[in-house]
Amino acid sequence: MNEFFQSKIFEITSEQLSDLFPLLLLSFGFALSVIGAGLKLSSKFFKIIGILVFSLAITTWSFTFLEADSVVLGLHITHFSRIVGALVSLFALTSFVLFDVSKRYANRPEWLALLILAVMGLSLLPASHNWISFFVFLEFFSIPSYILAGYDTNRERSLEASLKYMLTGAFASALLLMGIALVYLCSGTVDYSSLQGHFPSHILSTLALAFLLVGIFFKMTIVPFHFWAPDVYQGAPMGVAAFLAAGTKLSIFVSAALAFSETEFYLRNDLMNFAVIAGTLSILVGSLLAFTQRSFRRMLAYSGTVNAGALAPLMVLGKETLSSGIFFLFVYGLTLALILSAFSSLLKNRNLDANGDLDPEELNLKDSQQSKFQSFILAAGLFSLAGIPPLPGFFAKYWLFSDLWAQGYRPLVMWALLGTLMGVAYYIRIAGKLFFAEKRSVII
Amino acid sequence: MTDVLNIVEAPLSWIILLPAAGALLNGLFRLKSTLNGLLATAFCFAAFVVSILQFLKFPEASKLADPGYLWFQAGHVKAQMGFELTPFMSVMLLIITGVGTLIHLYATSYMSHDKSQARFFAYLNLFVTSMLVLALSSDLIGVFLGWEGVGVCSYLLIGFWFEEDKNARAGIKAFMTNRVGDLGFLVALFVAFAYFGTSSVSGIMEWIADPGRAAALPVWVLTVFALAIFWAACGKSAQIPLYIWLPDAMAGPTPVSALIHAATMVTSGILVIVRLWPIFATQTEVLSVIFWVALSTALLAALMALTQRDLKKVLAYSTVSQLGFMFAALGAGAPTAAFFHVVTHACFKALLFLTAGSVIHGMHDEKDIFKMGGLRKKMPWSHVAYLVGCVAIAGFPFTSGFFSKDLILTKVFESRGVLGYGLLLLAAMLTSFYMFRSYFLTFSSTPRSHEAEHAHESSAMMIVPLMILSLLSLFVGWLEIPHMWGHLQYFSHWVESSGAKAVEGHEVEAATEWLLMGIATIASLASAFFAYVKYKKGPVTSSENFAWKLSFNKFYVDEIYDSFILKPLRKIGTCLSLWIDEYGVNGTLHGSFASYRITGQLASIFHTGSVQSYALLMLLGLLVVWGVVNVW
Amino acid sequence: MVSILFWPLLSILVLVPFRKQNWAQWVNLLLHLPWVFFLIELIKVTPSGAPFGLMETYGTFPLFKSALVLGADTLNVSLIALTIFLSFSLSFYFLGHSKISQSFLILFQLLNFGTIGSLLAADAFLFYIFWEFMLIPLFFLIGIWGSENRVYAALKFFSMTLAGSLALLAGIFFIVTKTEVQSLAWSELSRNAEMLSAAAPWLGWAFLLAFLVKVPVWPLHTWLPDAHTEAPTGVSVMLAGILLKLGVYGMLRWVLQVFPTLYWNSTDLLFAASVIGIILGSYGALRQTDIKRMIAYSSVAHLGFVVLGAISTNATAQSGAFFQNFAHGLSTGLLFLSFGMIYDRTHSRKLDEYGGLASTNRFLAFTFVFASMASVALPGLPGFVGEFLILSGTFLQKGWWVLLPLMGVVLGAMYTLQLVKGLVFGKVSPLVESHPISLKWNEYVSIFPFLVGLALLGLAPQFLLAWINGSIPVK
Amino acid sequence: MIATGQLIFSVAIFLFCFGALTFFTKRSAVVALMGIELMLNGVNLVLVQAGQIYKNAEGTSLVLFVTLVAAAEAALALSIFVILYRKYGTLTLENFRSLKG
């Protein structure tokens, strides 16, 4: 037995420990929150613990950002995985701070534990180095997010959302698994680096890739696989919806890109075409659907699809061009959190349920007069999503589109620009609705 | 031929600044009763005095110049706002300011009980300023500034009583027709800048004079330039195609008609042509075009005047016809005759208009001559003035009209032969016929309406200008008598020394000249007598035959213009703009927006909400995209 | 240069504490004084001649290959002077105006900031940011304070201008991804313009499209009547006064001076478009019953003339076109301002409801007739100088084709006189009778600079012409 | 006779498709979950057979992970079904369609 323990696997040097420290910190936080839940401590306790754990994780990740990559326990900790870890925990932090989750679910404080689990899963995903650990970490974070999606048990919509998310998620991960199995069947290995050279390119491998992409694009809400997103975003509590939209996309985007570049799948042009077509489709369909939505949150879900569409080709392209995608998702995540928090406080001022939903047509001048600051934030956020300078959304889109153009995806950029123009129809019109009185012009 | 030009510096800009100051003051301050009028008259009179001073400088100086300032300069266009005065233009200056002062004086009392006199006199002074700019500018572009300024002032003055919609519409008609005419002037300016490099009259004259450069010009340049200037002159001096605005311009107050539509503005076309005469002299085809257009205008206007019932309309058509005479003289290559007739016409036509004004004023704004009658006793002074005017315009012997019209007739006979002479003589006969018709209907026999009984003579301030003008109408003719009678040829001297040499037609011996003079006199006396016979006892109810209807309705020219040119153009334009803007561009915008919305609604049907359909659609989507990837 | 650019932002910060309306209006007026001072400083130092004679770089963003580069020459400084002139006289008009609230003034200053920014920007990326940034304040200004269907007008304006500028963005992407181009600075672009225009002939059109929508060249102009009619008076004066000129400035600066070959082979199409724009714009104005729409369509016709000049190869038409910017800015600005004062009291824009203004308020009637005469290009007023230069330049280059735009001169007179007859002359209509208009002192003061400007530029335009002739792109 | 490898693959594919079919067609949520489990078992079969072909232990270790995740998922799904049943009283997927559009 002791040879087993002496074997190479368990030797952990000091700097390897520093790499693992944020994850250890998170698991320690998880343990604390589970014990706290057991002892029925006050909701303030969970809030403090949450803030502490996440902010510490962010600081450690960002400090070690520039250190060399290292392989620990089969995990390839690269600066990509560190930046993803930092951003995801930032999204988690904003998701529960902005939406005062602790007060709302004081009697069921497990939300922090689930959130920490999801964050761990998301930050481990980019560190995975073979397909099976990719799958495991994928499931590792999607299972707590199924529960988080349904956390508002007294509202049927939330339960229905978690049911839908769980069933379609399971179905998609089953397809992903089939993909991995076929990859294994074709090449005999699932490890990225060993897959590098000898992945045959016959019908079976294309099918394997297709199934792989299903699982990945499902989480990125790219068109053929985006059906779950609007229902879940509409049903889930505001904070969870914000976290899901931003965190999962970021982590999946980076880890898929790393995976495809490690295994050199990106050289295959059928994978490229698949991504380009799916991307263009999602820009078009996303803009179409976002326009006529009778619900503000479904509209945001479809706008997420549009943005994901622009990211699809970069994801498949590999490591070099990741920075613009990461920055884009970072800006998208924060803007989305701001918009949703402003929207939920706007709903509160209309004394509707904070996690409820509203038909954008009903937004009117009274809202902006009641909650002046929130409507300003909401309008600024929408303008930033639309990509109008000088708001950050514009710089993110500009960098992303110029990267896409440099990589040669000119038609896709054209479609993306058209998507921005179509964006006027829902982003700007709704931002306008807040401030324009129907009747005579009124002094504000 | 270029004798040494002794150019003398002179403060010409003062002549313009004085009435301009008058206009500004009148515009700003609304003074009590007639003070505005007097102020305006004073400024006009001051300008008259200064122009006399300049006139006296002329025997030794051959041209007065005032460089002014650089208006604007960009690329190949250089517009200098400078002024110059040639002998014949200084005479015209006297007319503008002199007759202008008389008319200002007359208007002071004529408009004494109008409520917005300040505005009227501001416009009047502004008009005199623009006319002076037109006359004095050294550059054609300065002339154009005066040209359009005069157009705007006539628009404002015609529509002065803007309460009635009719007046405002008449004002717009005048401005629009002038604008169409001004396009010609613009084209001429473009040609001038493009080919002569400058628009200053002296610069152009040098360009023409120097044979080397003149040869280098493309052959069509001078012809197009001359035709363009003539088209502008037609617009301003109401010749055939663009005369329609003058009769309607009678909607304005009578002093306005006198000043603008008799003495000054309408003659600006002739002034410009005389200034640019060296160009026109070489263009024989353009001269013949001018001649035939002028002749047909003279005849047509005379015919129209025969049956008019409104006193001012009669005078308006007679002005158009007399302008036809002046242009006929130009067409016959005799700028002296044209300019001489301009001056004499200014005098007696202003006289006629002012008398008509005092008659209408006396008749409490009743214009219809069929309702007048027997005013000889009621308004003796107006009667005398009107008689002198008719005598002068008809060309009775030794009146100014006789000399100027006879000079034109002989010149036309020399260059255009018997046909031209005959038709012009016919026009002259018609002129004296309708003038005496209006005289007899207004003044002879018995009053035919309530106003006619109670007509009262106008005030002294209106009579004095009439008397001065009557004297002028009688004796100004003596300044240019035929060679045979002596050597009083001031006008020839003035015009020739300004560089406008007449085209040498074959000289006519003295005998034929006497013969022509005789024929002309007999013709005018006969038609006057014929009018006396016909209208001595009052209006004759003539049978409404076709010719009468044609003449009374002004040959339906206005209606033809409206139905064939103005209305269709407007219809096509507005429909085109409506169709393209509203249905075309906006249509496509709204269409794409609506289709965007509909496809959005269609696409959202796929989201049925059931999990199983989602999974199925996901698989189907995968197969579709995968298929496309393999196929593409 | 940076002081004149960031002064509006500073004045927004100063405006924030003043919640009450008339306080904010007075502060806004006072804030204009230093701005004028900065302008004079800048004018003293502005070189005429080489484009962007005076260039200052404040910071670089290597990531986006761009830098905060501001450039000045008489071309853009003269337009900045026009902006400040309009904004200054408008700030007088805003005093004591019931509708002008603090947020209106803040958005107004934002608009000024965007305008001056896009004028001074000497870097394509920076220019694009300011170019699109202007859309936000305008969108809210028209949308909140406009009249009846302002939301439609604001959205239409926003989407059409955005569509144009997205084409510009595509052009910028193309340039950025070209390795030979080190940065997006104007000098860098013009240096390897031949390479760029050879590589992508569509590049010229991509840049042009954004400006053609803004200038409104004929087929892309349908946003203008809606935006001008629905915008509140202050905004429609700024829109007509300076924002349309930005399109022309953009054409000259970012297409003619950067891609001359591409610009010149697009001129035939633009010639046809501008001529049709002049004629159909005039007919569009002729068929309107709404006064502000009539004035807006007249701007389409006038801008048709400006584009006609801007695409000609000789210096006369080019300087005429740029001068016409100022002429049109003042005359249409005054038209909108004077009608705005009438509209503030009568709240109706239907022409047939009006009549006989001359007998109730003489000064306003005089101003309106004066402004209409200026817009009809009456000699002695600036409109004539601009239009004459443009047409004589076009005659020099295109020969007898000039007769078509010449028709526009007559049509222009037709609809303007129709407007003047309907509004000023004629019998006094019940509407005008029941709303006697007595102008406050600040309204007189706000009209006065326009009148002086029009008269001065009409009779003595040489001081401005000589100043801007130096940096006209075509010699 | 067909090789056993071929047979196993066809059984696996059959299991996978049959699982997907039950997921699409069955009305009750629990049976849908069973469908997914079937699909996962199909994947396991493929993995085991592939492991046989390549003679290395990766295939079987993968099966271990798959069953681990399947178990976790099933536990979670059933707990959600319990809550749903307690709230709705039924588990047929048809009446969970309020979120659509």
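On a predicted model such as this, the values are computed, not experimentally measured, just so you know. In the text below, chain A, chain B and the rest are named by the order of the sequence lines, each starting its count at 1.
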**Student:** side-chain contact (heavy atoms from CB on, under 4.5 Å) for C/Asp226 and C/Asn149? Distances and angles first, verdict last.
**Tutor:** CA-CA 9 Å; C/Asp226 294 314; C/Asn149 57 357; 5.6 Å; no
**Student:** Quick one: of B/Leu70, B/Val585, B/Leu589, B/Asp581, who has the most non-hydrogen atom pairs under 4.5 Å with chain C?
**Tutor:**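 Counting heavy-atom pairs under 4.5 Å, the top option is B/Asp581.
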**Student:** Would B/Leu186 and C/Phe388 count as a side-chain contact (heavy atoms from CB on, under 4.5 Å) if you check the C-alpha gap in whole Å, the side-chain angles of each, and the deciding distance to 0.1 Å?
**Tutor:** CA-CA 8 Å; B/Leu186 277 174; C/Phe388 181 75; 3.7 Å; yes
**Student:** Quick check on C/Phe463 against chain B: is it the side chain, the backbone, both or neither that has a heavy atom closer than 4.5 Å?
**Tutor:**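 Contact with chain B: none, neither part.
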**Student:** If you count heavy-atom pairs within less than 4.5 Å of chain C, which of B/Gly171, B/Ser577, B/Gly584, B/Gly75 leads?
**Tutor:**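 Top count of heavy-atom pairs under 4.5 Å with chain C: B/Ser577.
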**Student:** Let me know if C/Ser359 has heavy atoms under 4.5 Å from chain B in its side chain, its backbone, both or neither.
**Tutor:** both
**Student:** Can you confirm whether or not the ring centre of C/Phe395 sits under 6.0 Å from the ring centre of C/Trp400?
**Tutor:** yes
**Student:** Given a strict heavy-atom distance threshold of 4.5 Å, which part of C/Phe384 is in contact with chain B: side chain, backbone, both, or neither?
**Tutor:**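 Just its side chain gets close to chain B.
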**Student:** Do the side chains of B/Lys166 and B/Asp248 get close enough for a salt bridge, i.e. N-O under 4.0 angstrom?
**Tutor:** no
**Student:** Checking heavy atoms, do the side chain of B/Val152, its backbone, both or neither come under 4.5 Å from chain C?
**Tutor:**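 The answer is the side chain of B/Val152.
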**Student:** Apply side-chain contact (heavy atoms from CB on, under 4.5 Å) to the pair B/Met111 and B/Asn36, showing each step before the final yes or no.
**Tutor:** CA-CA 10 Å; B/Met111 301 292 279; B/Asn36 276 102; over 6 Å; no
**Student:** Using a cut-off of under 4.5 Å on heavy-atom pairs, state which of B/Leu156, B/Val187, B/Leu569, B/Ile572 scores highest against chain C.
**Tutor:** B/Leu569
**Student:** Name the member of C/Lys156, C/Arg362, C/Gln318 that forms the most heavy-atom pairs with chain B at distances under 4.5 Å.
**Tutor:**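 Among C/Lys156, C/Arg362, C/Gln318, the one with the most close pairs to chain B is C/Arg362.
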**Student:** Can you tell me which of C/Val409, C/Val369, C/Asn314 forms the most heavy-atom pairs within a distance under 4.5 Å of chain B?
**Tutor:** C/Val409
**Student:** Counting only heavy atoms closer than 4.5 Å, note whether C/Leu391 contacts chain B via side chain, backbone, both or neither.
**Tutor:** both
**Student:** Fit a plane to each ring of C/Phe326 and C/Phe322, take the angle between them on a 0 to 90° scale, and name the class: parallel (under 30°), tilted (30 to 60°) or perpendicular (over 60°).
**Tutor:** perpendicular
**Student:** Could you check whether any side-chain heavy atom of C/Leu465 comes within less than 4.5 Å of a side-chain heavy atom of C/Val385, counting everything from C-beta outward?
**Tutor:** yes
**Student:** The test is ring-ring contact (aromatic ring centres under 6.0 Å, His included); show your working for C/Tyr415 and C/Tyr283 and say whether it passes.
**Tutor:** CA-CA 8 Å; C/Tyr415 62 75; C/Tyr283 274 113; 9.4 Å; no
**Student:** Check each atom of C/Leu406 against the heavy atoms of chain B and say whether the ones under 4.5 Å are side chain, backbone, both or neither.
**Tutor:**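 Both backbone and side chain of C/Leu406 come within 4.5 Å of chain B.
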**Student:** To the nearest 0.5 Å, tell me how far B/Arg169 CZ sits from B/Met176 CE.
**Tutor:**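 One finds 15.0 Å between CZ of B/Arg169 and CE of B/Met176.
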**Student:** I'd like to know which of B/Tyr195, B/Tyr155, B/Phe193, B/Trp147 tops the heavy-atom pair count under 4.5 Å against chain C.
**Tutor:** B/Tyr155
**Student:** Could you please state which residues from residues 117-138 of chain B sit under 4.5 angstrom from chain C, measuring non-hydrogen atom to non-hydrogen atom, sorted by number, or 'none'?
**Tutor:**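 Checking residues 117-138 of chain B against chain C gives no residue, so none.
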**Student:** Start with the C-alpha gap between C/Phe363 and C/Tyr444, add the side-chain angles, then the distance that decides, and say whether ring-ring contact (aromatic ring centres under 6.0 Å, His included) holds.
**Tutor:** CA-CA 9 Å; C/Phe363 175 75; C/Tyr444 278 109; 4.8 Å; yes
**Student:** Checking C/Leu459 against chain B: side chain, backbone, both or neither under 4.5 Å from a heavy atom?
**Tutor:**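 Both backbone and side chain of C/Leu459 come within 4.5 Å of chain B.
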**Student:** Looking only at heavy atoms and a cut-off of under 4.5 Å, which of C/Gly356, C/Pro225, C/Gly426, C/Ser319 has the most pairs with chain B?
**Tutor:** C/Gly426
**Student:** Would you compute the distance between atom CG of C/Leu381 and atom CG of C/Leu456 and round it to the nearest 0.5 angstrom?
**Tutor:** 11.5 Å
**Student:** Between C/Leu396 and chain B, which part of the residue has a heavy atom less than 4.5 Å away: side chain, backbone, both or neither?
**Tutor:** side chain
**Student:** Evaluate the side-chain contact (heavy atoms from CB on, under 4.5 Å) criterion for residues C/Phe368 and C/Leu364: first the C-alpha distance (whole Å), next the side-chain angles of each, then the deciding distance (0.1 Å), finally the verdict.
**Tutor:** CA-CA 6 Å; C/Phe368 201 84; C/Leu364 211 52; over 6 Å; no
**Student:** When the ring centroid of B/Phe225 is compared with that of B/Phe196, is the distance short of 6.0 Å?
**Tutor:**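 Close enough - the centres of the two rings lie under 6.0 Å apart.
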**Student:** Before accepting this row, confirm whether a basic side-chain N of the pair C/Arg287/B/Glu582 lies closer than 4.0 Å to the acidic partner's carboxylate O.
**Tutor:**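 Judged by the 4.0 Å cut-off on N to carboxylate O distance, C/Arg287 and B/Glu582 do form a salt bridge.
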**Student:** With side chain to side chain donor-acceptor pair (under 3.5 Å) as the test, would you mind laying out the steps for B/Trp161 and B/Asp114 before giving the verdict?
**Tutor:** CA-CA 10 Å; B/Trp161 289 318; B/Asp114 191 296; 2.8 Å; yes
**Student:** Here's a test for you: under ring-ring contact (aromatic ring centres under 6.0 Å, His included), which of C/Tyr152, C/Phe157, C/Phe158 qualifies with C/Trp223?
**Tutor:**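 Result: among C/Tyr152, C/Phe157, C/Phe158, C/Phe157 is the only option passing the ring-ring contact (aromatic ring centres under 6.0 Å, His included) with C/Trp223.
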**Student:** With a 4.5 angstrom heavy-atom cut-off, could you sort out which part of C/Leu389 is near chain B: side chain, backbone, both or neither?
**Tutor:** side chain
**Student:** Relative to chain C, which segment of B/Leu578 carries a heavy atom at a distance below 4.5 Å: side chain, backbone, both, or neither?
**Tutor:** both
**Student:** Side chain from CB out, backbone as N, CA, C, O: work out which of these in B/Ile141 comes under 4.5 Å of a heavy atom of chain C, or both, or neither.
**Tutor:** side chain
**Student:** Where does C/Val376 contact chain B at under 4.5 Å (heavy atoms): side chain, backbone, both or neither?
**Tutor:**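 For C/Val376, heavy atoms of backbone and side chain both lie under 4.5 Å from chain B.
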**Student:** What residue, out of B/Ile172, B/Asp165, B/Leu576, has the most heavy-atom pairs lying under 4.5 Å from chain C?
**Tutor:** B/Ile172
